[in-house]
Undergrad: 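Got a structure here, written out as structure tokens. Questions coming.
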Amino acid sequence: MTHDSTQLEAAQALVARVVPGSASHFRLALIPKADSLDVFEVKSISDTVLLRGSSGVALASALNWYLENVAGTNVSNPLVPIQLPTPLPAVTAPVRITTPYRYRYFFNYCTFSYSWRGGTGPSGRR
């Protein structure tokens, strides 16, 4: 398995977890980086949303952009699947966004150390 196929499969699995009822209406593809930086594109083709990105993280960013800017929702709790309407809201004009950052993080790098101690949650339960 190549690095690219691993990135694509991971992004497809993410879509299936985040929008399970609508995952079949998303198509994902890898594209080259833009001047060594991650880039993503989002557009609608008929009743399908095409997410293209230069990495798995870029594809995840494309999904997040679509959910926030087109579908009017967000992934505030990444463990709760999102239900989207049928048909999916269409992207009115193709979008291409290149990150200005070489390194990006999900959450603050030490987020979990603020509220969790010794493997127990804020309520003291495991």
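Model, not experiment: these values are computed from the prediction.
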Undergrad: Does Ser44 reach the main-chain N or O of Val91 with its side chain, forming a donor-acceptor pair under 3.5 Å?
TA: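 The answer is yes, because a donor-acceptor pair under 3.5 Å joins these two groups.
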Undergrad: Is the backbone N or O of Pro89 less than 3.5 Å from a side-chain atom of Tyr66, with the two atoms forming a donor-acceptor pair by type?
TA: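 Side chain of Tyr66 to backbone of Pro89: a pair is present.
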Undergrad: Hey, does Val19 have a side-chain heavy atom less than 4.5 Å from the side chain of Leu67?
TA: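 Yes, side chains in contact.
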Undergrad: Please round to the nearest 0.5 Å and tell me the distance separating atom CZ of Phe40 and atom CG of Leu59.
TA: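 Atom-to-atom, Phe40:CZ and Leu59:CG are 10.0 Å apart.
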Undergrad: Given side chains that start at C-beta, do those of Val70 and Val49 come closer than 4.5 Å, heavy atoms only?
TA: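 SC-SC contact between Val70 and Val49 ruled out.
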Undergrad: Any side-chain donor paired with an acceptor under 3.5 Å for Asp38 and Thr99?
TA: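 Their side chains do not contain a donor-acceptor pair, so the 3.5 Å distance test is not met.
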Undergrad: Quick check: does any side chain N or O of Arg102 sit under 3.5 Å from a backbone N or O of Ser36, one acting as donor and the other as acceptor?
TA: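 Between the backbone of Ser36 and the side chain of Arg102 there is a qualifying donor-acceptor contact (under 3.5 Å).
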Undergrad: Give a yes or no on whether the backbone of Trp65 and the side-chain of Asn69 come within a donor-acceptor separation of less than 3.5 Å.
TA: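 Judged by distance alone, yes, a pair lies under 3.5 Å.
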Undergrad: Could you check whether any side-chain N or O of Ser22 sits under 3.5 Å from a backbone N or O of His25, counting only pairs where one atom can act as donor and the other as acceptor?
TA: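 Answer holds: no.
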Undergrad: Measure from the side-chain N and O atoms of Ser46 to the backbone N and O of Thr48, and report whether any donor-acceptor pair falls under 3.5 Å.
TA: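 Not at all, since once roles are kept as given, no pair shorter than 3.5 Å links the two residues.
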Undergrad: Give, for atom NE2 of His3 and atom CG of Leu30, the distance between the pair rounded to the nearest 0.5 Å.
TA: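 One gets 8.5 Å once the value is rounded to the nearest 0.5 Å.
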Undergrad: Side-chain contact test, heavy atoms from C-beta onward, threshold under 4.5 Å: evaluate it for Ile31 versus Val39 and give yes or no.
TA: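 A side-chain contact exists here, since the closest heavy-atom pair is under 4.5 Å.
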